[in-house]
Amino acid sequence: MTLEATDVCYGYDDEAVLEEVSLSVNRGEVLAIIGPSGVGKSTLLRLLALFDSPDRGRVTYDRNEVWTAPERQRLEYRRKIGMVFQEPSLFDASVRRNVTYGLRVRQSWRDRLRHEVASLVGTQNGTGDAIDALETVGLREKATQDAASLSGGEAQRVAFARALAYDPDILLLDEPTSDLDPRNTAGIEDAVYRARNRGIGVAIATHDMHQAERIADRVAVLLGNDVIEVGDTERVFEDPADERTQKFIDGELIY
Ligand SMILES: Nc1ncnc2c1ncn2[C@@H]1O[C@H](COP(=O)(O)OP(=O)(O)OP(=O)(O)O)[C@@H](O)[C@H]1O
C-alpha cells in the first residue's frame, strides 16, 4: 500500500509553496520530511492527509486517484490515514475517552449501542484498541486520568495514541516533538518504531535532522518549493546527491 503525491502544486493567495512535488509513503516504513521552517512541510502533509486538494498534480491511495474518486470513496481513503498535529487538541475527559472518541463516531449505531450497553454493565467492550494504543505510546497507566491534567508531552503522546487506535495504514506526524523534552521525544520515537513494526507507514515532518537520522528509513529533503532529494537515510546523510542537501545538513543554508 502506497500513498503517493505526483507533481503536486499548491499555493496560498497566489504564493506558490509547492511546485511539482512528488513523494510517496509506503506501509511499514518511516519517511522523514526535512526542511527549514516555513518551507511547506505541513502543507505537503495536509495534501497527503487528503485535507486539501492540490492546485495541480495527483494524489493516489493504493494507486487510486483520490480527487477524481467519488466522495464516499475518498472518505474511505481518508479514514485509513491518521494525522497528528504539532499542537495536540484533546477534550476535557479521561485519556481513554479521548482515544476512543473517534472510534465510537465511526461505529455503526448498532455497534455504538452494543458499546454503550457494554460500558453500562462494566465490560468496557471496545476499549481494547484504545488500551493497546496507549500501551504503544507508553501511557497505559494514564488511561483514567483527566486529559486536562497531562503535561504537553503526554498530551502529544495521547494524540498519537488516538491516531493509532483508528488502525491507519498511514500515519502523518507534523513536528510531533518540536516542543518536547528528551524523555517525551523518546516516547514518541519509540511509538513511531512500534507503529512501523505493525505495518503502518509513517511520514514525519521535522526540522530536526538528528531525529530524521535516528528514526527514518528514508528521508525527503524539502527546499525551495520542491523535494530536492529523497532516498535511504544513510545515503542521503552520508552521500547526498544534491549539494544543497549537504549545505542544509551542515547548517550552511539559512532561509
Ligand atoms: N493558511 C495559510 N494561509 C496563507 N499562507 C499560509 C497558510 N499556511 C501556510 N502558509 C504559508 O505557506 C508556507 C509554508 O508553510 P508550512 O506551514 O507548510 O511550512 P512548514 O515547513 O511546515 O513550517 P514549520 O516547520 O515552521 O511548521 C509558509 O510561508 C506559510 O507562511
Side-chain angles (χ1 to χ4, degrees), residues 3-25 30-59 66-67 78 81-90 152-153 155-157 159-160 163 168 170-182 184-185 188-189 192 201-216 218-231 233 236-237 240 242 244-255:
L3 173 65
E4 187 162 20
T6 307
D7 296 332
V8 293
C9 304
Y10 195 85
Y12 301 97
D13 310 322
D14 292 340
E15 178 87 21
V17 174
L18 303 175
E19 287 189 85
E20 307 217 337
V21 171
S22 296
L23 191 63
S24 61
V25 194
V30 178
L31 169 76
I33 302 170
I34 62 172
S37 183
V39 77
K41 301 182 294 296
S42 305
T43 302
L44 182 54
L45 286 186
R46 289 182 62 83
L47 293 180
L48 289 170
L50 316 183
F51 290 153
D52 301 317
S53 66
D55 297 335
R56 287 195 301 284
R58 289 180 301 129
V59 180
V66 168
W67 290 101
R78 198 175 283 161
I81 303 168
M83 179 139 177
V84 179
F85 298 92
Q86 209 162 347
E87 297 290 329
S89 58
L90 304 180
Q156 186 59 275
R157 283 153 71 190
F160 193 122
I170 304 285
L171 200 49
L172 308 170
L173 310 174
D174 194 1
E175 302 266 6
T177 61
S178 59
D179 303 325
L180 306 190
D181 65 3
N184 278 302
T185 298
I188 293 279
E189 291 183 0
V192 168
V202 183
I204 176 169
T206 178
H207 58 253
D208 180 351
M209 279 174 290
H210 300 297
Q211 177 168 64
E213 210 168 1
R214 275 197 302 277
I215 66 172
R218 288 194 305 140
V219 174
V221 185
L222 191 58
L223 267 182
N225 301 104
D226 196 9
V227 170
I228 59 164
E229 174 150 8
V230 57
T233 304
V236 171
F237 280 98
D242 192 302
R244 289 169 297 171
T245 304
Q246 186 68 58
K247 284 191 174 152
F248 181 60
I249 291 170
D250 294 341
E252 290 172 17
L253 271 190
I254 309 296
Y255 272 72

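Given the structure is predicted, the values throughout are model-derived calculations rather than measurements. Only heavy atoms go into these numbers, but all of them, side chains included; no hydrogens, no water, no symmetry mates. For reference, positions follow the sequence shown, starting with 1. As the structure lists them, so they are numbered: ligands from 1, and atoms in each ligand from 1.
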For ligand 1 and [X], I'd like to know whether there is a polar contact (N/O to N/O, distance under 3.5 Å).
X: D174; result: no
X: D13; result: no
X: V17; result: no

So, 4.0 Å and heavy atoms of E175: is ligand 1 close enough to count as a contact? yes
Check contact between G35 and ligand 1, using heavy atoms of the residue and a distance below 4.0 angstrom. no
Taken in chain and number order and not counting sequence neighbours, the residues that satisfy salt bridge (Lys or Arg N to Asp or Glu O under 4.0 Å) with D242 are R244
To the nearest 0.5 Å, what is the distance between [atom1] ([X]) and [atom2] ([Y])?
X: Q156; Y: N184; atom1: CD; atom2: CG; answer: 9.5 Å
X: S22; Y: E20; atom1: OG; atom2: CD; answer: 8.0 Å
X: L31; Y: L173; atom1: CG; atom2: CG; answer: 11.0 Å

Atoms of ligand 1, numbered as shown, that sit under 4.0 Å from any heavy atom of K41: 18 (O), 19 (O), 20 (P), 21 (O), 22 (O), 25 (O)
Under 4.0 Å to a heavy atom of S42 - the qualifying atoms of ligand 1, by number: 17 (O), 18 (O), 20 (P), 22 (O), 27 (O)
[atom]: which protein heavy atom is closest, and how many Å away?
atom: atom 19 (O) of ligand 1; result: G40 N, 3.1 Å
atom: atom 26 (O) of ligand 1; result: S37 OG, 2.6 Å
atom: atom 23 (O) of ligand 1; result: G38 N, 2.8 Å
atom: atom 9 (C) of ligand 1; result: Y12 CE1, 3.4 Å

Heavy-atom distance from atom 30 (C) of ligand 1 to the protein below 4.0 Å? no
Name the one of T43, I228, L18 that satisfies side chain to side chain contact (heavy atoms under 4.5 Å, CB included) with L222? L18
In sequence, state the C-alpha distance, the side-chain angles, and the governing distance for I204 and Q211, and then conclude on side-chain contact (heavy atoms from CB on, under 4.5 Å). CA-CA 10 Å; I204 176 169; Q211 177 168 64; 4.1 Å; yes
Using only atom types and a distance under 3.5 Å, with no angle test, would you say the side chain of [X] pairs donor to acceptor with the backbone of [Y]?
X: N225; Y: A16; answer: yes
X: K41; Y: I33; answer: no
X: R78; Y: L50; answer: yes

My understanding is that we take every heavy atom of each candidate and find the minimum distance to atom 15 (O) of ligand 1. Doing that for N225, T43, I34, which one comes out nearest? T43
